[in-house]
Amino acid sequence: MLHIINKSPYDRPALDSALQTGEGGILFTEDGVYAIAKGGAAEAKIKAAQGKFKFYALGADIDARGLSDRVMEGISVVDYGGFVDLVAEYKTNQSWL
Amino acid sequence: MTTKKFMFVNRKAPYGTIYAWEALEVVLIAAAFEQDVSIAFLDDGVFQLKKGHQTKDIGVKAFEKTWGALEDYDVTKLYVAQESLAERGLTADDLAIPVEVLSRADIGKKMEEQDVLLSF
(Lines give C-alpha, C1' and ligand atoms only; values in the text may rest on other atoms or scores of the structure.)
Protein backbone atom coordinates (compact mmCIF):
# COMPACT_ATOMS: atom_id res chain seq x y z
CA MET A 1 0.00 0.00 0.00
CA LEU A 2 1.16 3.52 -0.77
CA HIS A 3 0.37 6.00 1.97
CA ILE A 4 0.02 9.60 0.75
CA ILE A 5 0.43 12.23 3.46
CA ASN A 6 -0.27 15.88 2.76
CA LYS A 7 -0.46 17.20 6.35
CA SER A 8 2.35 18.54 8.51
CA PRO A 9 3.47 15.99 11.14
CA TYR A 10 3.53 18.86 13.64
CA ASP A 11 -0.11 19.72 13.07
CA ARG A 12 -1.89 16.41 12.44
CA PRO A 13 -1.28 12.77 13.38
CA ALA A 14 -1.42 11.51 9.77
CA LEU A 15 2.20 10.32 9.76
CA ASP A 16 1.72 8.46 13.03
CA SER A 17 -1.44 6.83 11.70
CA ALA A 18 0.30 5.73 8.52
CA LEU A 19 3.33 4.38 10.39
CA GLN A 20 1.07 2.31 12.60
CA THR A 21 -0.87 0.94 9.65
CA GLY A 22 1.05 -1.78 7.89
CA GLU A 23 4.01 -1.29 5.59
CA GLY A 24 4.87 -0.31 2.05
CA GLY A 25 5.55 3.18 0.79
CA ILE A 26 4.92 6.63 2.22
CA LEU A 27 4.79 9.59 -0.14
CA PHE A 28 4.84 13.07 1.37
CA THR A 29 3.16 15.88 -0.57
CA GLU A 30 2.10 19.47 0.22
CA ASP A 31 2.56 20.21 3.95
CA GLY A 32 3.42 16.54 4.50
CA VAL A 33 6.96 17.25 3.25
CA TYR A 34 7.83 19.00 6.52
CA ALA A 35 8.31 15.47 7.90
CA ILE A 36 11.50 14.92 5.91
CA ALA A 37 13.38 18.05 7.03
CA LYS A 38 16.58 17.34 8.91
CA GLY A 39 16.62 18.34 12.56
CA GLY A 40 12.87 18.25 13.11
CA ALA A 41 11.14 16.03 15.63
CA ALA A 42 9.64 13.92 12.83
CA GLU A 43 13.09 12.85 11.57
CA ALA A 44 13.51 10.21 14.29
CA LYS A 45 10.10 8.69 13.54
CA ILE A 46 11.03 8.25 9.89
CA LYS A 47 14.49 6.89 10.69
CA ALA A 48 12.95 4.31 13.00
CA ALA A 49 10.55 3.18 10.26
CA GLN A 50 12.99 3.04 7.34
CA GLY A 51 13.27 -0.76 7.53
CA LYS A 52 9.54 -1.14 7.16
CA PHE A 53 8.65 1.61 4.70
CA LYS A 54 10.11 3.23 1.62
CA PHE A 55 9.85 7.02 1.84
CA TYR A 56 9.23 9.41 -1.01
CA ALA A 57 8.58 13.15 -1.17
CA LEU A 58 7.40 15.46 -3.93
CA GLY A 59 10.21 17.77 -5.05
CA ALA A 60 7.97 20.72 -6.02
CA ASP A 61 6.53 20.85 -2.49
CA ILE A 62 9.98 20.54 -0.90
CA ASP A 63 11.25 23.46 -3.00
CA ALA A 64 8.18 25.59 -2.29
CA ARG A 65 8.79 25.32 1.45
CA GLY A 66 12.49 26.12 1.29
CA LEU A 67 13.53 22.63 2.35
CA SER A 68 15.61 21.51 -0.64
CA ASP A 69 18.86 21.71 1.35
CA ARG A 70 17.41 19.93 4.39
CA VAL A 71 16.13 16.63 3.00
CA MET A 72 17.13 13.80 5.36
CA GLU A 73 18.88 10.66 4.14
CA GLY A 74 16.86 7.79 2.77
CA ILE A 75 14.17 9.89 1.11
CA SER A 76 13.55 9.49 -2.62
CA VAL A 77 12.57 12.84 -4.08
CA VAL A 78 10.12 12.43 -6.96
CA ASP A 79 8.51 14.78 -9.48
CA TYR A 80 4.85 14.75 -10.55
CA GLY A 81 5.55 11.96 -13.04
CA GLY A 82 7.16 9.96 -10.24
CA PHE A 83 4.04 10.55 -8.13
CA VAL A 84 1.95 8.91 -10.86
CA ASP A 85 4.44 6.03 -11.19
CA LEU A 86 4.22 5.33 -7.45
CA VAL A 87 0.43 5.28 -7.48
CA ALA A 88 0.59 2.81 -10.38
CA GLU A 89 3.32 0.70 -8.74
CA TYR A 90 1.51 0.00 -5.48
CA LYS A 91 -1.62 -2.14 -5.51
CA THR A 92 -3.62 0.37 -3.47
CA ASN A 93 -3.09 3.80 -2.04
CA GLN A 94 -4.40 5.53 1.04
CA SER A 95 -4.51 9.32 1.27
CA TRP A 96 -4.35 10.43 4.91
CA LEU A 97 -6.35 13.61 4.33
CA MET B 1 -9.09 57.32 14.19
CA THR B 2 -8.67 55.28 17.34
CA THR B 3 -5.57 53.15 17.31
CA LYS B 4 -5.90 49.68 18.71
CA LYS B 5 -3.39 46.97 19.34
CA PHE B 6 -3.98 44.16 16.86
CA MET B 7 -2.09 40.89 17.07
CA PHE B 8 -2.27 38.30 14.33
CA VAL B 9 -1.65 34.79 15.60
CA ASN B 10 -0.30 32.65 12.76
CA ARG B 11 -0.27 28.92 13.39
CA LYS B 12 -0.51 27.33 9.95
CA ALA B 13 2.13 26.31 7.43
CA PRO B 14 2.10 28.27 4.18
CA TYR B 15 0.70 26.95 0.85
CA GLY B 16 -1.09 23.83 2.17
CA THR B 17 -4.00 26.01 3.24
CA ILE B 18 -4.99 29.61 2.50
CA TYR B 19 -4.72 30.77 6.14
CA ALA B 20 -1.20 32.14 5.97
CA TRP B 21 -1.89 34.19 2.87
CA GLU B 22 -5.18 35.52 4.25
CA ALA B 23 -3.43 36.55 7.45
CA LEU B 24 -0.84 38.51 5.54
CA GLU B 25 -3.52 40.32 3.56
CA VAL B 26 -5.35 41.34 6.72
CA VAL B 27 -2.11 42.40 8.38
CA LEU B 28 -1.48 44.80 5.49
CA ILE B 29 -5.03 46.12 5.69
CA ALA B 30 -4.72 46.78 9.43
CA ALA B 31 -1.37 48.43 8.90
CA ALA B 32 -2.82 50.61 6.13
CA PHE B 33 -5.35 51.86 8.69
CA GLU B 34 -2.39 52.78 10.91
CA GLN B 35 -3.22 50.35 13.64
CA ASP B 36 -0.64 49.03 16.11
CA VAL B 37 0.03 45.69 14.46
CA SER B 38 2.08 42.76 15.66
CA ILE B 39 2.32 39.18 14.41
CA ALA B 40 2.98 36.07 16.46
CA PHE B 41 4.20 32.90 14.78
CA LEU B 42 3.46 29.72 16.68
CA ASP B 43 3.39 26.02 15.82
CA ASP B 44 3.49 25.42 12.05
CA GLY B 45 3.17 29.18 11.53
CA VAL B 46 6.95 29.43 11.94
CA PHE B 47 7.29 27.64 8.59
CA GLN B 48 5.83 30.73 6.90
CA LEU B 49 9.08 32.55 7.65
CA LYS B 50 11.50 29.85 6.50
CA LYS B 51 13.79 31.34 3.88
CA GLY B 52 14.38 29.96 0.40
CA HIS B 53 10.84 29.26 -0.77
CA GLN B 54 10.89 28.27 -4.48
CA THR B 55 7.23 27.98 -5.41
CA LYS B 56 7.46 28.01 -9.22
CA ASP B 57 6.57 24.30 -9.56
CA ILE B 58 3.46 24.50 -7.37
CA GLY B 59 2.18 27.56 -9.18
CA VAL B 60 1.61 29.91 -6.25
CA LYS B 61 3.26 33.12 -5.13
CA ALA B 62 6.05 32.81 -2.55
CA PHE B 63 5.75 34.72 0.70
CA GLU B 64 9.32 35.73 1.17
CA LYS B 65 9.29 39.04 -0.69
CA THR B 66 6.07 40.17 0.93
CA TRP B 67 7.55 39.74 4.41
CA GLY B 68 10.19 42.23 3.38
CA ALA B 69 7.44 44.78 2.65
CA LEU B 70 6.10 44.68 6.20
CA GLU B 71 8.71 47.13 7.37
CA ASP B 72 7.39 49.66 4.83
CA TYR B 73 4.05 49.41 6.62
CA ASP B 74 5.76 49.88 10.01
CA VAL B 75 4.95 46.30 10.95
CA THR B 76 8.10 45.42 12.85
CA LYS B 77 6.78 43.54 15.88
CA LEU B 78 7.23 39.95 14.78
CA TYR B 79 7.36 37.36 17.53
CA VAL B 80 8.32 33.74 16.97
CA ALA B 81 7.90 30.93 19.47
CA GLN B 82 11.22 29.39 20.47
CA GLU B 83 9.64 26.03 21.27
CA SER B 84 7.99 25.85 17.84
CA LEU B 85 11.28 26.58 16.07
CA ALA B 86 13.15 23.98 18.11
CA GLU B 87 10.64 21.20 17.50
CA ARG B 88 10.98 21.80 13.76
CA GLY B 89 14.77 21.92 13.72
CA LEU B 90 14.85 25.64 12.93
CA THR B 91 16.65 28.66 14.37
CA ALA B 92 16.25 32.39 13.74
CA ASP B 93 19.02 32.08 11.12
CA ASP B 94 16.70 29.95 8.98
CA LEU B 95 14.12 32.75 8.75
CA ALA B 96 13.72 35.22 5.89
CA ILE B 97 13.44 38.34 8.05
CA PRO B 98 14.62 39.51 11.49
CA VAL B 99 12.24 38.53 14.29
CA GLU B 100 12.12 38.46 18.05
CA VAL B 101 12.30 34.88 19.32
CA LEU B 102 10.30 34.50 22.53
CA SER B 103 9.10 31.67 24.71
CA ARG B 104 5.47 30.65 24.40
CA ALA B 105 4.90 32.14 27.84
CA ASP B 106 6.30 35.50 26.76
CA ILE B 107 4.19 35.44 23.61
CA GLY B 108 1.23 34.79 25.90
CA LYS B 109 2.07 37.96 27.81
CA LYS B 110 2.19 39.93 24.54
CA MET B 111 -1.21 38.48 23.65
CA GLU B 112 -2.62 39.69 26.97
CA GLU B 113 -1.57 43.25 26.08
CA GLN B 114 -3.67 43.35 22.89
CA ASP B 115 -7.05 44.92 22.20
CA VAL B 116 -7.75 42.45 19.41
CA LEU B 117 -6.41 38.98 18.64
CA LEU B 118 -6.99 37.57 15.17
CA SER B 119 -6.32 33.86 14.70
CA PHE B 120 -5.14 32.24 11.50
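Protein chains get the first letters and strands the later ones, always in sequence-line order, with residue 1 at the start of each. In what follows, every heavy atom counts, from backbone to side chain, and hydrogens, waters and symmetry copies are set aside. Here the structure is a predicted model, which means the values were calculated and not measured.
Annotation for E71(B): atom CD does not count as buried by contact number, only 12 or fewer foreign heavy atoms lying within 6.0 Å. Within 6.0 Å of the OH atom in Y19(B), the count of heavy atoms belonging to other residues, nucleotides or ligands does not exceed 12.
Chain A forms more heavy-atom pairs under 4.5 Å with one residue of A62(B), A96(B), G52(B), G89(B) than with any other, namely G89(B). Your options are A37(A), G66(A), S8(A), and the one with the most heavy-atom pairs under 4.5 Å with chain B is G66(A). Considering only heavy-atom pairs separated by less than 4.5 Å from chain B, the leading option among A41(A), G40(A), S68(A), A64(A) is A64(A). Among the candidates T17(B), D94(B), D43(B), the residue making the largest number of heavy-atom pairs closer than 4.5 Å to chain A is D94(B).
For chain A, the nearby part of K50(B) is the side chain; its heavy atoms alone come within less than 4.5 Å. In this structure, chain B has no heavy atom under 4.5 Å from any part of N6(A).
Ring-centre distance between Y15(B) and F63(B): below the 6.0 Å cut-off. Checked against the 6.0 Å centroid threshold, Y34(A) and Y10(A) do not count as a close aromatic pair.
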Verdict with reasoning, D44(B) to D31(A), per side chain to side chain contact (heavy atoms under 4.5 Å, CB included): CA-CA 10 Å; D44(B) 274 358; D31(A) 288 343; over 6 Å; no

